[in-house]
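Data first, discussion second: the structure below is written as structure tokens.
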Amino acid sequence: MRTVHVSTGKPYDIYIERGLLDKTGEYVKSLSRAERAVLVTDTNVAPLYKWKVLNSLSAAGIEVTTHVFQAGEASKHLGTVSDMYKTLADAHITRKDLIVALGGGVCGDMAGFAAATYLRGIDFIQLPTSLLAQVDSSVGGKTGVDLPQGKNLVGAFHQPIAVLIDPDTLNTLPDRFITDGMGEVIKYGCIKDARFFEFLENENALDHIEDVIETCVSIKRDVVSRDEREKGERMLLNFGHTLGHAIEKLYNFSGISHGMAVAIGMVMLAKAGEKHGITAQGSADRIAALCEKYSLPTTESFTFAELAQAARSDKKSAGDSINLVLLREIGDSFTQKIELDKLEEFIAAE
Ligand SMILES: NC(=O)c1ccc[n+]([C@@H]2O[C@H](COP(=O)([O-])OP(=O)(O)OC[C@H]3O[C@@H](n4cnc5c(N)ncnc54)[C@H](O)[C@@H]3O)[C@@H](O)[C@H]2O)c1
Ligand SMILES: [Zn+2]
């Protein structure tokens with residue numbers, strides 16, 4: 001068992017252990033006075049893991065109602081959350097009860113948002129089952145949904161009472177989602193941990209998945225604890241994301257996954273950093289090689305002008321300027337404000 005303690009405003013622990021889903025009930029019992037729970041999961045995850053969690057909660061004496069939504073990002077909207085509110089009300093969930101989020105990032109974000117808002121906030125526990133959710137989205141307390149105008153535009157900060165990570169669930173995760181999650185895993189090495197980056201170069205991450213998850217959540221925990229509300233350091237987690245989001249947007253959010261777009265964004269920024277003499281020479285090649293090792297793309301064919309234009313509409317851009325995350329070298333990152341008008345010139349620099 002590995003435990004990572006998170007000391008945000010409301011402290012909680014992240015537990016990593018194979019087979020942990022079978023112990024959900026014990027953990028809930030030790031952390032909460034809940035008599036009832038709503039188990040939120042999606043149509044792919046429900047048939048695989050719902051019963052493990054249901055049986056464990058029931059054995060601990062908790063009355064469970066299951067809420068299953070259609071899997072996929074397309075479900076991540078207020079209508080689905082509204083359906084959850086109905087289930088919560090019908091199940092007579094009170095302030096001492098809880099929501100159990102079993103699934104990938106979509107499930108965690110939405111169930112977390114329902115928990116943040118139902119009765120002005122009830123407890124929830126994260127049981128992340130995708131690699132992305134295990135290394136990234138289940139930690140940090142950001143919850144929310146998409147609007148037709150953009151991703152994650154409505155949300156709340158709401159910390160779970162615990163995160164239970166069962167790496168065995170990755171055995172059923174389709175390969176393309178493993179690849180997707182590896183984009184974020186590589187990002188952690190780039191921004192904070194050169195030794196971890198080397199480890200990913202020399203070993204097969206999947207052979208050491210518990211170490212990998214523990215390292216990633218520890219890095220995210222450190223960054224988030226120092227900047228719970230995303231005012232400064234937390235921006236480092238957006239390395240590769242400004243251009244990544246632009247690429248996703250240019251693809252109309254289909255045909256390229258988030259992790260793939262982030263991989264391209266990371267390589268592009270490292271290249272730009274090298275050209276400007278900010279980033280150590282050779283970093284971009286190493287990042288590209290590592291992305292390729294884990295089946296991630298590193299280039300695409302949009303022009304710098306198209307990318308800069310798409311980046312303008314990113315909600316994270318503060319007015320006329322944008323906070324770009326750059327590397328001094330692998331493992332050492334910082335943010336630099338850059339005017340949006342200069343972004344194209346910056347990434348295109350020869
Ligand atoms: N809150 C945050 O800080 C944060 C950070 C990063 C990403 N996100 C959000 O996370 C979401 C992406 O997360 P995701 O990639 O996990 O998406 P997802 O929840 O849609 O899961 C990906 C796919 O894998 C399936 N799946 C999940 N676990 C499985 C398993 N063990 N076996 C088989 N299939 C499984 C799902 O049903 C889905 O089809 C986005 O909405 C993004 O905005 C949030
Ligand atoms: Zn990301």
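Along the sequence shown, residues carry numbers from 1. Atoms considered below: every heavy atom in the structure, side chains included; atoms not considered: hydrogens, waters and symmetry mates. On a predicted model such as this, the values are computed, not experimentally measured, just so you know. Just follow the structure's listing: the first ligand is 1, and inside any ligand the first atom is 1.
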Item to complete: Evaluate the salt bridge (Lys or Arg N to Asp or Glu O under 4.0 Å) criterion for residues D211 and R2: first the C-alpha distance (whole Å), next the side-chain angles of each, then the deciding distance (0.1 Å), finally the verdict.
Response: CA-CA 9 Å; D211 291 334; R2 293 140 193 265; 2.8 Å; yes
- [ ] Mark yes or no for whether S56, through its side chain, and D22, through its backbone, hold a donor-acceptor pair below 3.5 Å.
- [x] yes
query: Do NZ/NE/NH1/NH2 and the carboxylate oxygens of K76 and D109 come within less than 4.0 Å?
result: yes
Does the distance from a Lys or Arg side-chain N to an Asp or Glu carboxylate O, for D222 and R226, drop under 4.0 Å? no
- Item | Ion pair check, D341 and R312, cut-off under 4.0 Å | yes
Expected rows: ligand 1 N/O, protein N/O, dist below 3.5 Å:
unit_1, atom_1, unit_2, atom_2, d
ligand 1, 1 (N), D109, OD1, 3.0
ligand 1, 1 (N), K142, O, 2.9
ligand 1, 13 (O), G105, N, 3.2
ligand 1, 16 (O), G105, N, 2.7
ligand 1, 16 (O), S130, OG, 2.5
ligand 1, 19 (O), G105, N, 3.1
ligand 1, 19 (O), V106, N, 3.0
ligand 1, 28 (N), T129, O, 3.4
ligand 1, 28 (N), T129, OG1, 2.7
ligand 1, 31 (N), T129, O, 3.1
ligand 1, 31 (N), T169, O, 2.9
ligand 1, 31 (N), T172, OG1, 3.4
ligand 1, 32 (N), T172, O, 3.4
ligand 1, 32 (N), T172, OG1, 2.7
ligand 1, 37 (O), D42, OD1, 3.3
ligand 1, 37 (O), D42, OD2, 2.7
ligand 1, 37 (O), N44, ND2, 3.0
ligand 1, 39 (O), N44, ND2, 3.0
ligand 1, 41 (O), E73, OE1, 2.6
ligand 1, 41 (O), E73, OE2, 3.3
ligand 1, 41 (O), K76, NZ, 2.8
ligand 1, 43 (O), K76, NZ, 3.0
ligand 1, 43 (O), N152, ND2, 3.2

The atom name of the N, O or S atom in H258 nearest to the Zn ion (ligand 2) is NE2
Smallest heavy-atom separation, M84 atom then A114 atom, equals SD-CB, 4.0 Å
Note, V4 side chain near E214 side chain (heavy atom, < 4.5 Å): yes
Checklist entry - Taking 2.8 Å as the cut-off, does an N/O/S atom of E184 lie below it from the Zn ion (ligand 2)? => result yes
